[in-house]
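Have a look at the structure below before the remarks.
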4 protein chains.
Amino acid sequence: MSLSKLMGERSDEGQAKRERRKEARPGELLDAALDLFVEKGFAATRAEEVAARAGVSKGTLFLYFPSKEELFKAVVRENISGRFAEWNAEFEAFEGTTADMLRYCMRVWWERIGATRASGITKLIISEARNFPDIAAFYQQEVIRPGTELVRRILQRGVDSGEFRALDMEYATFSVTAPMIFLIMMKHSLGACAPQDYPLDPERYVTSQVETLLRGLCVRPEDQPA
Amino acid sequence: MSLSKLMGERSDEGQAKRERRKEARPGELLDAALDLFVEKGFAATRAEEVAARAGVSKGTLFLYFPSKEELFKAVVRENISGRFAEWNAEFEAFEGTTADMLRYCMRVWWERIGATRASGITKLIISEARNFPDIAAFYQQEVIRPGTELVRRILQRGVDSGEFRALDMEYATFSVTAPMIFLIMMKHSLGACAPQDYPLDPERYVTSQVETLLRGLCVRPEDQPA
Amino acid sequence: MSLSKLMGERSDEGQAKRERRKEARPGELLDAALDLFVEKGFAATRAEEVAARAGVSKGTLFLYFPSKEELFKAVVRENISGRFAEWNAEFEAFEGTTADMLRYCMRVWWERIGATRASGITKLIISEARNFPDIAAFYQQEVIRPGTELVRRILQRGVDSGEFRALDMEYATFSVTAPMIFLIMMKHSLGACAPQDYPLDPERYVTSQVETLLRGLCVRPEDQPA
Amino acid sequence: MSLSKLMGERSDEGQAKRERRKEARPGELLDAALDLFVEKGFAATRAEEVAARAGVSKGTLFLYFPSKEELFKAVVRENISGRFAEWNAEFEAFEGTTADMLRYCMRVWWERIGATRASGITKLIISEARNFPDIAAFYQQEVIRPGTELVRRILQRGVDSGEFRALDMEYATFSVTAPMIFLIMMKHSLGACAPQDYPLDPERYVTSQVETLLRGLCVRPEDQPA
DNA sequence: TATGAATGAGCATTCATTCAT
DNA sequence: AATGAATGAATGCTCATTCAT
């Protein structure tokens, strides 16, 4: 056993823990910030509160993020998944009816976005867009556009295969995105205030929405959900 | 010489200009406040800015509203006129298919709410709900609940008449409200930032949504929209 | 009966009343201001409150007094009695022992100053002196100095007549004025807050003070009060 | 090398300068606030001025005191150290005539209260009592009542020992307290404005008052001061 | 003269940000 | 790197004062 181990094992461990913590700091701060920004909005969230929730001092926050606004942007950047490539591939490879594809799409969306903290970002951006136009534009490019594109491709697949009727494609995508966005907004605003007034079971909500939607999209009665 | 003048109402006229102003002030302030609150949120809106936009000084604002928070509440109250009684009556008296009723409902909603400044209130409340739980609860009681009730009655009429299929009524209402709320949120957030990315024609949007929805609700193919 | 009387009697009466009121305005305002300044101090008294208590509008106050500070000064001026000449004469003419003279002096002081609203001025000036040095100086010249002079003359009379012992005249006057000022300050501050803690009977207070004082001043035991 | 250094207390020293400052801050602020409140009254004292006099910025004041009113209350509390227990003991143990006791009492009062900044508190409370009824009540309980009690015990001792004549005890205490309060009020109001008009030598004032008072209280001529 | 709506300078308080330790 | 005391610009709100009617 080495001398250094004899003398320093504990401090090495201490060091290790601290370093692990040190590297985790920005993440913990972003985590805390996301929660608070979603809950109270950008302006009403105090930097000290973010730091406190992350278990560090006010000063430390500014050690990692030069300003509250940069913290906000980092929160958004951190939580905007650029996973559309992966998802696109997933859907390219999908074998089955487009109706099933859409069902899968919305269920998966709920699991990966709606049910997770990522949904807070959507609420955040929609609420703060006017104060952060560049963030809004960024979100538009990075999330809205590819997401809409993905949805459009699914719908187009349905139309091409003769499953879906002819659609005003520009607006049809909203039939898919609107219920998802709506669910997120409710979850993070009115639904969070008065849960007793919003006993929303998201699974049932998604099912209800997608089945009605499929009826609305499918061309032949026999393809429509019961 | 007018009768009023003969009767000594000259002093009434003397005060007229200023009094008309005085009576107009609260409305002008609420107008300005609505715009700014919708645009920037409650916290980021400065009282002086509201006053300036209403064409008065900072002090005047506080002459009419004891605090910024009371101003906010007044803005909300002012714009939530309980027009549901009138609408309910309108829909009770409606003669025609329930499909037409739903079409009429959503078109009218767009004209009376979505297209007007009242829509800003919805954006406002959804964005600020967590900071104003009492406002949120108030809105829930006064707007959401009666609105949902109205929608439910329409859907029930369709089901009862055999036009619509059996519905999970609790969640089916969201198929109507979600697209409306979504449109409002977009109009006041991302849509307001990057209009070029949201060349939304609301009429076309509403038509697209309602027709797909009706296909999803109607029982017999021949009732469904083409 | 004159035409004007036939046509205008009522308005003449109205006019009269209004004019009487008009002339009374400044006095009513000074009255109200005195009460409030004494009660809450200069800074904490709002101009509007003074006007309201006088039954006029805020604007009217500034019609009669160009500023709150001038109002303050007017209040002081109005209530500082220049009655020392009269009082001096009264005491010049006094026939009797100096002990009785001092008794009379303090009793009369209580009746004419201490028990009246004039006492508020003393409280006011002592409390606000540092903020109104010129007022303080004015009060010093117009009230304190002549008052002290009057007291000094009484004491001197006693010394001269052999009733009182030799006195350090500069400081002896305080033996008369201190208890009077003290009573006023208590009446208008702590005594006004917690009357149950200050069940002061002023007559008994004055008697107690003057009799002890006379014992302290008189030269021969047989002259001293029992 | 010092023991503390050997034991690793360097980091304590490292923080020392700043911590010493931090601990001193409240005291420095209370000091500055006492002066200003006494000088200008509560309302006319600006928070920034207090901070400036304490050598810190506006924000720092509110780091230590949540509001101006709390600062005021802290100033009062800080300066009302309940020294009455100590004084009571001192007077219990006093051996000598009650006349000497009273002389000692008033001299000591001047040295420990009248001549110190603590006297400002008395002025402050008497001036602001109506605006801070709770402070006034607190002062009444904590200072006035025990102080009066102490005086009453002294007087009673004199009466019991046959030195003093029978007294209307309720009011006799004022013969002791009135001159003291009067001196304080003068020192902090008119006396502070026009020192040339108040060339008060407090020692001589106290002597004059106490000797006249003792003459007024003592029963036998031979006990009375010359 | 009297009114009271309007003003805006002034002040208490907050909070993002800095920096000595 | 981490802290938290200190800062001061920013902002809600008050109130003496003005002025159109």
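Letters go in sequence order (proteins before strands), and every chain restarts at 1. All values reported here derive from a predicted model rather than from experimental measurement.
Rounded to the nearest 0.5 Å, atoms CZ (B:Phe62) and CZ (B:Phe65) are 11.0 Å apart. One finds the OG1 atom of B:Thr45 at 7.5 Å from the CD atom of B:Glu39 (value rounded to the nearest 0.5 Å). Note that the CD atom of B:Glu49 and the CG atom of B:Leu36 stand 5.0 Å from one another [nearest 0.5 Å]. The distance from atom CZ of C:Arg130 to atom SG of D:Cys193, rounded to the nearest 0.5 Å, is 6.5 Å.
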Contact letters for nucleotides 12-18 of chain F, in which S counts primed atoms plus P, OP1 and OP2 and B counts the base, heavy atoms under 4.0 Å: SBBSSBB

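With sequence neighbours excluded, the residues forming a ring-ring contact (aromatic ring centres under 6.0 Å, His included) with B:Phe72 are B:Phe37, B:Phe42, B:Phe132, listed by chain and number.
Looking only at side-chain heavy atoms (C-beta outward), D:Lys73 and D:Asp134 come within less than 4.5 Å of each other.
Separating the CZ atom of B:Arg25 from the C1' atom of F:dA20 is a distance of 13 Å, rounded to the nearest angstrom. One can place CD of D:Glu28 at 13 Å from C1' of F:dA5, the figure rounded to the nearest angstrom. The interatomic distance linking B:Phe72 (CZ) with F:dT11 (P) rounds to 19 Å, in whole Å. Following rounding to the nearest Å, A:Lys40 (NZ) and E:dA16 (P) show an atom-to-atom distance of 11 Å. The CD-P distance, from D:Glu70 to E:dT13, rounds to 10 Å in whole Å.
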Nucleotide-level pairing of DNA chain E, given in dot-bracket where Watson-Crick and G-U pairs need both distances under 3.5 Å and | marks other strands: .||||||||||||||||||||

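B:Tyr64 comes within contact range of the sugar-phosphate backbone alone, with a heavy-atom separation under 4.0 Å but no base atom that close.
Atom CD of A:Glu70 sits in a crowded spot, with more than 12 heavy atoms from other residues, nucleotides or ligands closer than 6.0 Å.
For the pair C:Gly55 and B:Ser57, both in contact range of DNA chain E, the more 5′-proximal nearest nucleotide belongs to C:Gly55.
At a threshold of 4.0 Å, the pair D:Arg53-D:Asp31 does not count as salt-bridged, since none of the basic side-chain nitrogens sits closer than that to a carboxylate oxygen.
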